[in-house]
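Here's the structure, in structure tokens; my notes come after.
Residue numbers start at 1 and run along the sequence shown. Everything numeric here is computed off the predicted structure, so don't read it as measured data.
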Amino acid sequence: MLGKCMSARDIADLFLEGTGKIEFYWNFYTVTLLALFGWFVTSSPSMNVRLKCLLTVAYLGFAAMNLLGLWGSYAFTEAIRHDLLSMPIPEMPHTRAALLAKSYESQRNWGIAVHLLVDAFVLLVIWRCKPGKDVSHVE
């Protein structure tokens, strides 16, 4: 592909790949949260300080990696959106209008804020569980 310019179709394919990555990271995050809370509810683990520390470190590592993936995917998709908008494609006015109306920068900011809020809630649940108590009795 050296020496060739990318067509609008190639750039649109990259755009769809970027939005697919965003959806993947959100789906992976949601499934992981459901699994974590399912484990809390079904197994009623004895939450001593060691387990809380282990869960905190593991969850923070997971959340940080997920946030990095989301950040990069949003940035990539926004760059591709700008490239699509800079191309003269007169036969696609509705697509152009939809791309103009949707900024992945603002979605990224809201998404990261929601992610951090949920992360704080997860850590609160982990640390509010009393040692040796059923986690369904969070105070």
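Separating the OG atom in S86 from the CG atom in L84 is a distance of 7.5 Å, to the nearest 0.5 Å. Note that CG of L123 is 13.5 Å distant from CZ of R128, once rounded to the nearest 0.5 Å. Atom-to-atom distance recorded for L55:CG and L36:CG is 7.0 Å, nearest 0.5 angstrom. A distance of 12.0 Å separates CG of L70 from NZ of K21, quoted to the nearest 0.5 Å. The distance from the OG1 atom of T32 to the CZ atom of F37 is 12.0 Å, given to the nearest 0.5 Å.
Taking every heavy atom of both residues into account, I22 and S73 meet most closely at CG1-CB, 3.6 Å. Nearest heavy-atom pair, N48 versus L51, reported as atom, atom and distance to 0.1 Å: OD1-N, 2.8 Å. Of all heavy-atom pairs spanning V49 and W127, the tightest one is O-CH2, 4.4 Å.
W39 and V125 fall within the same hydrophobic cluster, defined by Ile, Leu, Val, Met, Phe, Trp and Tyr side-chain heavy atoms under 4.5 Å apart, directly or through other members. The hydrophobic clustering, which links ILVMFWY residues whose side-chain heavy atoms are closer than 4.5 Å, places L60 and L68 apart. At a threshold of 4.5 Å between side-chain heavy atoms, the hydrophobic network of Ile, Leu, Val, Met, Phe, Trp and Tyr places M65 and I112 in two separate groups.
In this structure, the side chains of L116 and L67 come closer than 4.5 Å at one or more pairs of heavy atoms. The closest side-chain heavy-atom distance from D83 to F15 is not below 4.5 Å.
Remark: R81 pairs with E78 by the salt bridge (Lys or Arg N to Asp or Glu O under 4.0 Å) rule, at least two apart or across chains. Shown here are the side-chain contact (heavy atoms from CB on, under 4.5 Å) partners of F76, two or more places apart in sequence or in another chain: L14, I80.
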For residues 24-31, tabulate all N or O donor-acceptor pairs below 3.5 Å that involve a side-chain atom, not counting sequence neighbours.
from: W26; atom 1: NE1; to: Y74; atom 2: OH; distance (Å): 3.0
from: N27; atom 1: ND2; to: E23; atom 2: O; distance (Å): 3.2
from: Y29; atom 1: OH; to: Y59; atom 2: OH; distance (Å): 3.3
from: Y29; atom 1: OH; to: H115; atom 2: O; distance (Å): 3.4
from: Y29; atom 1: OH; to: D119; atom 2: OD1; distance (Å): 2.5
from: T30; atom 1: OG1; to: W26; atom 2: O; distance (Å): 2.9

